[in-house]
Number of protein chains: 4
Amino acid sequence: MSDNPSASRSMTEVLRQTEKMTSKQIKILEAAIELIAEKGYSATSTSEIAKRAGVAEGTIFRHYRTKKDLLLSIVNPVIINFMAPVFAEKFVDQVFHESHTSFEDFLYLFIKNRFEFVQSNVPLIKIVIQELAFHPEIQAAFKKASLEKVFPAIDQTLNVYKEKNQLKNIPNDSIMRMIAPTVIGFLLTRFIIQPDKDWDDDAEIRRTVEYILHGVGK
Amino acid sequence: MSDNPSASRSMTEVLRQTEKMTSKQIKILEAAIELIAEKGYSATSTSEIAKRAGVAEGTIFRHYRTKKDLLLSIVNPVIINFMAPVFAEKFVDQVFHESHTSFEDFLYLFIKNRFEFVQSNVPLIKIVIQELAFHPEIQAAFKKASLEKVFPAIDQTLNVYKEKNQLKNIPNDSIMRMIAPTVIGFLLTRFIIQPDKDWDDDAEIRRTVEYILHGVGK
Amino acid sequence: MSDNPSASRSMTEVLRQTEKMTSKQIKILEAAIELIAEKGYSATSTSEIAKRAGVAEGTIFRHYRTKKDLLLSIVNPVIINFMAPVFAEKFVDQVFHESHTSFEDFLYLFIKNRFEFVQSNVPLIKIVIQELAFHPEIQAAFKKASLEKVFPAIDQTLNVYKEKNQLKNIPNDSIMRMIAPTVIGFLLTRFIIQPDKDWDDDAEIRRTVEYILHGVGK
Amino acid sequence: MSDNPSASRSMTEVLRQTEKMTSKQIKILEAAIELIAEKGYSATSTSEIAKRAGVAEGTIFRHYRTKKDLLLSIVNPVIINFMAPVFAEKFVDQVFHESHTSFEDFLYLFIKNRFEFVQSNVPLIKIVIQELAFHPEIQAAFKKASLEKVFPAIDQTLNVYKEKNQLKNIPNDSIMRMIAPTVIGFLLTRFIIQPDKDWDDDAEIRRTVEYILHGVGK
DNA sequence: CATGAATGAGAATTCATTCAT
DNA sequence: TATGAATGAATTCTCATTCAT
């Protein structure tokens, strides 16, 4: 849909942090992602990962000190990429400098952008959601990214549109608490709960924007 | 808040299906719920449950053939109670026979009712959410309850208010796809993500209703 | 040789601390002692111990939380029994109340007593000696037993014989530093270094006493 | 204390057998000695050794076919140097040709000489002592050195002093069995058991000689 | 000569489950 | 009904060793 690089980054791209990654290491990551997304971290054994990756079990532990290290090396980049770069660079430029953009346009672009990110990273997103509940490290990373990157950027954005008189005068955090579940709920339904349904994605995004702006009441 | 019995049922009440339950069995259930809610099913060992329940390991398997049986005996009643009885009895009567009730009132009552159920069953809800992803049995139970109980009832309800001209003319399943994340998102934020925040619950519910009806746009 | 109960206590008796010990637990201890004495703690695997004991590997960990726990449960009683009860009860009575006993007699009785203890506990002694170097816990137990039980008792004893003018006027700790290696060296040579030699034990003890008292010089 | 070259040889000197040793190889040896002395051979891993030596794991196996080879390449020279050269060259000359030397003088020189060797090689000595119990190869090397080098030399020496009427008429092997633990016990106490104590080394050696000659009795 | 990724056997430990009491 | 000792399969992780570079 969009060619925004931060959104369409492939899964391996999202995870590759160091330049040096042997082919085995990549296979380990891929196998781990598949299995953990499917069965959960606790229910996935390192021997299973090794088997699917086609490596010896010991090889996993040469690259990741512990099984948890492996999980975090998957989860942390996803959090950073899901939350941080949304508003980076061009995207923010668009919103702030193209003054003619309406909140409706902004919402549409925003959701579309995150839509594409989720679309290319379904298993990673699944893992983050599922393990968030159990690992304080992940919660902390999530919190940090939220507080430092997402909230300030959104806050600023909402203020812009409040000044333009395009938003009700509700506290920003209340607005976010309303919009967030709507957007996240849409993405979850689209990609995780009912991925096989025959969706008209663009229409669905527009409908979501409309709902956020005007609700379902007459 | 309300005295609707289906909402304020206590956790043990939700789970007690047969009349006969020894005190040990109750302790096992309580320990299992605490631990599984906290660490997840896979990461919780039967020996841990036994220790916290103050019973011998063998005792667990006297009451539940397998560890998974124990999980299902926790999860199934929750699903049935969360989804089914919402619209049962008096509640439905109210909606359908007290013709003066507006959709706004209905939404308010509905959310308040589910609010109270979640409030008295946080750990159970946590478990269902977390394990839903991994156990086909749970997914099936959830789907069944949704299709047989929830969707038809809501469908009927929405039609009533469409006829009363209180709702936009959007397909019912689209409406549900919008409302559901909003309500669920609100309850999750309230009880699981930020349970310790100082909430003004009634105001929050009203704000949610307002959002569902009219969005955040001006 | 002597019927002093503290000396002739059997190995299992030395280790049995709680009343309840299943036959499997005893077999585990026996197997562990044999193997650790032979190959050392680090080089002995729990699977080996289980195999020799004829139990499942898991059974070991039902009785001892960790492999190290197993080691300590072997080593600690040996230290306590080797060091503490030497001078207990009757033995001390003999030395202090039978005023006619010479230092020579005392030494003879003392060495004979420890001789018998070592004789009935060769593998246990081996283990303690070998592992002492690597485990701070064992070193601490050893130090504690030495400082609290052995040194004071010996100190008192030496003073008695100094008063009787049977000992040179050398500081007690110097005397101990001389005698200890002689006695320990004798026992080690006899039971561990050259156990298969055809020893005349009584003669050897007497020769040791003679050496301690008068050396090899003319 | 003395400048006898066999005694004061440095650790690396003791080990260097071939002329060619790369700096990496020396670092490997040093690391291995430190770690094995501290934790024992079994409990020390080659990866640990590699890390401390600052080399790759593979490098160890380029120089030593197996981990055991590495151990033996440490232990064997120590045995040879501890036992053999004592009586070599000048030292033996002194004893045998300087006829005026008393047994007391001989003992003093002997202990002082071994004292210095141990002093410069504490970790090596530790390793030999600890591993002697578990490795037949080491036991064999030890036995061989004892039987071929030490015993004959000492035997000869004792005979000399027996002829000089400076020794009691006890069988030589009994004499050795008495003296050995005394000397070894002294060195162990001095360097391994209580290395941090504030020792008056010369006084201690003289006291040991006196004890060997005349015991502690009056 | 040196590296370090890769291995697979084996280490300690945990686990769900069984069963005699 | 309840116990808890026993199991053996599985789990995470370590290790000595190999080998292509």
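To find a chain, count down the sequence lines: A is the first, B the second, and so on, and within it residues start at 1. These values consider heavy atoms only, across backbone and side chains, with no hydrogens, waters or symmetry-generated copies.
- In this structure a side-chain-to-backbone donor-acceptor pair under 3.5 Å is present from A:E57 to A:S47.
- Considering only residues two or more places apart in sequence or on other chains, B:E137 meets the side-chain hydrogen bond (donor to acceptor under 3.5 Å, both in side chains) condition with B:K68.
- A heavy-atom distance below 4.0 Å to DNA chain E is reached by these residues of residues 38-51 of chain C, ordered by number: C:T44, C:S45, C:T46, C:S47.
- Remark: A:K39 engages A:E48 in a salt bridge, criterion side-chain N to carboxylate O under 4.0 Å.
- A side-chain donor-acceptor contact under 3.5 Å links A:K67 to the backbone of A:Y41.
- The shortest side-chain heavy-atom distance between C:L71 and C:T66 does not fall under the 4.5 Å cut-off.
- First and last contacting nucleotides of DNA chain E toward chain C (any atom under 4.0 angstrom from a heavy atom, 5' to 3' order): E:dA11 to E:dT14.
- Taken residue by residue, residues 52-72 of chain B places heavy atoms nearer than 4.0 Å to DNA chain F at B:V55, B:A56, B:G58, B:T59, B:R62, B:H63.
- Put simply, the side chain of B:T59 never gets that close to the backbone of B:V55: no donor and acceptor are under 3.5 Å apart.
- Only one option out of A:L70, A:D69, A:T46 pairs with A:F61 in a side chain to side chain contact (heavy atoms under 4.5 Å, CB included); it is A:T46.
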Base-pairing string, 5' to 3', of DNA chain F - Watson-Crick or wobble, under 3.5 Å, | interstrand: .||||||||||||||||||||
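- Scored by the side-chain hydrogen bond (donor to acceptor under 3.5 Å, both in side chains) test, D:R52 finds D:E34 as partners (sequence neighbours excluded).
- The main-chain N or O of A:L132 is found under 3.5 Å from a side-chain atom of A:Q139 such that the two form a donor-acceptor pair.
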